[in-house]
Protein chains: 2
Amino acid sequence: MTRGTGREQSPAAPRSVDVARLAGVSQKTVSRVFNDEPYVSAEVRRRVLEAAEQLGYRRNNAARALASGRTRSIGVVTLGTALYGPASLLMGVERVVRDTGYALRVVNTMEGDPAGLAGAVGSLLDQGVDGIVISEPIEEEGAEGDLTVPVNVPVLVLGAPPPFTASTVLYGAGGADLMARAAIEHLLDLGHPTVHHLAGPQRWYAAKDRLEGWRAALAAHGRDRPPVIEGDWSAASGYAAGRELAADPEVTAVFAANDDMAIGLIRALAEAGRRVPEDVSVVGFDDIPVAAYVTPPLTTVRQQFDTVAQEGLKRLVHAIENPQAEALPASDPPVHLVVRASTQPPPPRRPPGRRRHTASRPGGGPHDPPPANGGSSTHH
Amino acid sequence: MTRGTGREQSPAAPRSVDVARLAGVSQKTVSRVFNDEPYVSAEVRRRVLEAAEQLGYRRNNAARALASGRTRSIGVVTLGTALYGPASLLMGVERVVRDTGYALRVVNTMEGDPAGLAGAVGSLLDQGVDGIVISEPIEEEGAEGDLTVPVNVPVLVLGAPPPFTASTVLYGAGGADLMARAAIEHLLDLGHPTVHHLAGPQRWYAAKDRLEGWRAALAAHGRDRPPVIEGDWSAASGYAAGRELAADPEVTAVFAANDDMAIGLIRALAEAGRRVPEDVSVVGFDDIPVAAYVTPPLTTVRQQFDTVAQEGLKRLVHAIENPQAEALPASDPPVHLVVRASTQPPPPRRPPGRRRHTASRPGGGPHDPPPANGGSSTHH
DNA sequence: ATGAAAGCGCTAACAC
DNA sequence: GTGTTAGCGCTTTCAT
């Protein structure tokens, strides 16, 4: 209707020249208006915007990218899981990216993906992103070490050491070891002689970090370090681990690397007649939405995904827009241990080999309303 | 190093002409090779690929998009939540999109976002996507009905009726009503006189669908339709609902619109002395990863996000690549009710007003190992 | 404060 | 089978 090419199919999107013509200015002026450049009179700006509105003009991003060499988009590599941690981080990233005016492109790396991280990053590079976020990468078999593709955009790695070298690499989401440590110390403070660890899959850096925090905390307090059981993040693996641990009367406290495993673990313990928290205390990690409502309500470490995403992206965008400048400093997120009903002091020591069931804990029965978010204390 | 512009900064990405020159062919031939077009001799193809490899050539997508008018990317609008359902769907979508050779752009609509769906779609249109997936939209206040922006690309709406008109609109992820219905019928089959419903927020179409299935099932069987309680998907809201329902001795079966609410509900019931499943049966929806490991293991409706995503995207891509062709038909996903321990026949009827605790269920105590995935039956 | 001209790196249509 | 010629719709640089 507007531009008379004759074809009715879909009336060809208006271009900036069309707007310029209608507004009676040059095409460049339209460009100026849309880029908020200075030196456009208010009157002209108004005319241009009005013409654009009338035509339903949207600027063509491909042309823009081609001419400017920047796509104004950020790519994120995530694992293709709906696991609470990675999914929450992704949502946090999206929120911030949009706020900063960039577009978001997403690719997944599946566990066992042959191309893996390199493939994912390559695909983003193909798409021409201005920066890359790698969220919770896992260790690749074989492709250990450097990426084969040269990465010429800034990269933000959330929750892991550098998987490769790029022009600029930033880190974020550290401090999981400190968080784990706070969990362990909570249990030691309650009087547990030591704490067992149900670790996450060690190909995940997140799992390694938590293991490391556990190790460090026990070492710092001169405690025994019992053997580690490795799960796969799933409640099923936590359940399997629980069956093992239930058989060992020495176990009075367990730190699980995520809440799902903690829930499976608690179930297995309960089925074996070892009550939580009376006989065994359990701490999880993540603070998933149901953590306060399972039985017993789970003591756990809350991750602040939004904060982590926000802080990391601020630094990434800074690096994109100020290529020569110094990288902004990272800051460890605060540790936030949420104490609920799954932890309490250990049962009194007694000669091994005798089965017994101790009295109920003071005021901690299942009839207490779960603290909505209550009982949380912030360490560090 | 290769192209001598003198600047060492970052040695300017090679272009297809550079490859052409090195391979001793025309630039167009390079284009042919990279687009897998026919009519290139094996020998030339080899030379081109080798030259490209040597130069580290990656084709410029902005230029490609500008010249061809297609971005080879699909945009997805999701809610900015890590809720299991939406997050799983997003992951499913990503997986399929990559397989089909498209890139994925993601924008969120936050609840209460002023721009809302229109803003999100507009932002994708700005980015120049070839197709749009709208995942689980919620009803917008005010902006009811049509989008103000013209959408000239095919749109796939997952889990909702048409929020607007576009050139092509496809639907997917229907059938939630049938799934809800299967859940209700499972409870009726067990002998419950009727089933209460803890609904999701009714601004979500997914919540409406489940409510509708509940309503239809009760109507079909001529049962009472008790008042509906509306939650917000959270375990906390399920807990609140549970306190209400616990006070009503008539309640013997509850269908919760998602698992998180079901878990909160069960906790509130337990605290009020109403055991699940002995006194009250509960069915959830989603089959979240921990559903089999909470106490009691949750009977729930499993959603097949991968299938839904795959099926929907196949149709979307078809619509993108065959603009004139008939839309591929949709197919309802199969209903998959996973029966675990949170449901059983109702306790024997007795005069109202008397409190009692009935015997334990036959072989259904907490010491049964949770069926990993067991006890599932597929309806419809 | 505004405009003219020259590409950005590719694909499309046609020639050979 | 391969090359040539034009743009795609912007941003950039430089004039004015």
Side-chain angles (χ1 to χ4, degrees), chain A residues 2-3 5 7 10-49 51-52 55-73 103 125-128 130, chain B residues 2-3 5 10-49 51-52 55-73 125-128 130:
Chain A
T2 329
R3 267 164 75 221
T5 31
R7 45 203 296 274
S10 71
R15 301 150 307 164
S16 57
V17 255
D18 300 321
V19 176
R21 200 168 303 141
L22 183 60
V25 298
S26 81
Q27 183 269 343
K28 171 66 216 182
T29 297
V30 175
S31 169
R32 283 208 178 86
V33 170
F34 274 86
N35 288 322
D36 277 326
E37 283 173 29
Y39 306 127
V40 188
S41 72
E43 159 59 8
V44 169
R45 164 168 272 116
R46 201 194 49 68
R47 283 216 318 272
V48 167
L49 288 174
L55 260 31
Y57 170 72
R58 345 182 60 102
R59 109 188 114 177
N60 180 322
N61 245 285
R64 210 158 111 87
L66 178 56
S68 70
R70 292 185 44 200
T71 57
R72 281 144 245 255
S73 70
L125 258 17
D126 275 346
Q127 294 179 49
D130 293 341
Chain B
T2 330
R3 264 166 76 223
T5 31
S10 68
R15 302 151 306 164
S16 57
V17 256
D18 301 319
V19 176
R21 201 168 304 142
L22 183 59
V25 298
S26 80
Q27 185 270 339
K28 173 64 212 179
T29 297
V30 175
S31 170
R32 283 208 178 88
V33 169
F34 274 86
N35 289 321
D36 278 327
E37 283 173 28
Y39 306 126
V40 188
S41 71
E43 159 60 9
V44 168
R45 163 167 274 116
R46 200 195 49 69
R47 281 215 320 270
V48 168
L49 288 174
L55 260 32
Y57 169 73
R58 345 184 59 103
R59 113 188 110 177
N60 180 321
N61 244 284
R64 210 157 112 89
L66 178 57
S68 69
R70 292 184 46 201
T71 57
R72 280 144 246 256
S73 70
L125 258 18
D126 275 346
Q127 295 179 49
D130 293 342

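So that the names make sense, note that chain A is the first sequence line, chain B the second, and so on, each numbered from 1. Please read these numbers as outputs of a predicted model, since none were measured by experiment.
- A side chain to side chain contact (heavy atoms under 4.5 Å, CB included) with A/Val30 holds for exactly one of A/Val19, A/Asp18, A/Val17, A/Val44; it is A/Val19.
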May I have the list of side-chain donor-acceptor pairs in residues 32-39 of chain A shorter than 3.5 Å, sequence neighbours left out?
residue: A/Asn35; atom: OD1; partner: A/Arg59; partner atom: NH1; Å: 2.8
residue: A/Asn35; atom: OD1; partner: A/Arg64; partner atom: NH1; Å: 2.9
residue: A/Asn35; atom: ND2; partner: A/Ser31; partner atom: O; Å: 3.2

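- For the atom pair CG (B/Leu66) and CG (B/Asn61), the distance works out to 11.5 Å, reported to the nearest 0.5 Å.
- Between the P atom of D/dC8 and the CZ atom of A/Arg15 lies a distance of 7 Å, rounded to the nearest Å.
- Within 4.0 Å of B/Phe34, counting heavy atoms only, lies no atom of the nucleic acid at all.
- Across all non-hydrogen atoms, the minimal contact from B/Arg72 to B/Asp130 is N-OD2, 2.7 Å.
- Of all non-hydrogen atoms in A/Gly128 and A/Ser73, the two that sit nearest each other are O-OG, 4.1 Å.
- The shortest heavy-atom contact between A/Ala65 and B/Ala62 is CB-CB, 3.6 Å.
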Can you tabulate the close N/O pairs, meaning under 3.5 Å, that link protein atoms to atoms of nucleotides 3-5 of chain C?
residue: C/dG3; atom: OP2; partner: A/Ser26; partner atom: N; Å: 2.9
residue: C/dG3; atom: OP2; partner: A/Ser26; partner atom: OG; Å: 3.0
residue: C/dG3; atom: OP2; partner: A/Thr29; partner atom: OG1; Å: 2.6
residue: C/dG3; atom: N7; partner: A/Arg32; partner atom: NH1; Å: 3.4
residue: C/dG3; atom: O6; partner: A/Arg32; partner atom: NH2; Å: 2.7

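- Note on B/Val44: only backbone sugar-phosphate atoms sit closer than 4.0 angstrom, heavy atoms only; bases stay farther off.
- A pairwise comparison of heavy atoms in B/Gln127 and B/Thr71 identifies O-CG2, 4.3 Å as the closest pair.
- Toward the 5′ end of DNA chain D lies the nearest nucleotide of B/Ala42, the other residue of the pair A/Glu37 and B/Ala42 mapping further downstream.
- For B/Ser16 and C/dG9, the shortest distance from a side-chain N or O to OP1 or OP2 is not below 4.0 Å.
- In this structure, CG of A/Asp18 is placed 9 Å from P of D/dG9, rounded to the nearest angstrom.
- Residue B/Ser31 places at least one side-chain N or O under 4.0 Å from the OP1 or OP2 atom of C/dT11.
- If you measure from atom CD of A/Gln127 to atom P of C/dC10, you get 16 Å, rounded to the nearest angstrom.
- To the nearest angstrom, P of C/dC8 lies 21 Å from CZ of B/Arg58.
- Rounded to whole angstrom, the span from the CZ atom of B/Arg70 across to the P atom of C/dC10 amounts to 18 Å.
- B/Gly24 and B/Arg47 get closest at one heavy-atom pair: O-NH2, 3.8 Å.
- Listed nucleotides C/dT2, D/dT11, D/dT2 differ in distance to B/Val40; the shortest reach to its side chain belongs to D/dT2.
- Regarding B/Arg21, its CZ atom lies at a distance of 14 Å from the P atom of D/dG3, rounded to whole Å.
- For the pair A/Ser68 and D/dC10, the criterion of a side-chain N or O lying under 4.0 Å from OP1 or OP2 is not met.
- A distance of 10.0 Å separates CZ in B/Arg21 from OG in B/Ser16, rounded to the nearest 0.5 Å.
- Between the P atom of D/dT2 and the OH atom of B/Tyr39 lies a distance of 12 Å, rounded to the nearest Å.
- The stretch residues 59-67 of chain B comes close to DNA chain C through B/Arg59, B/Asn60, B/Ala63, B/Arg64, B/Ala67, each having a heavy atom under 4.0 Å from the strand.
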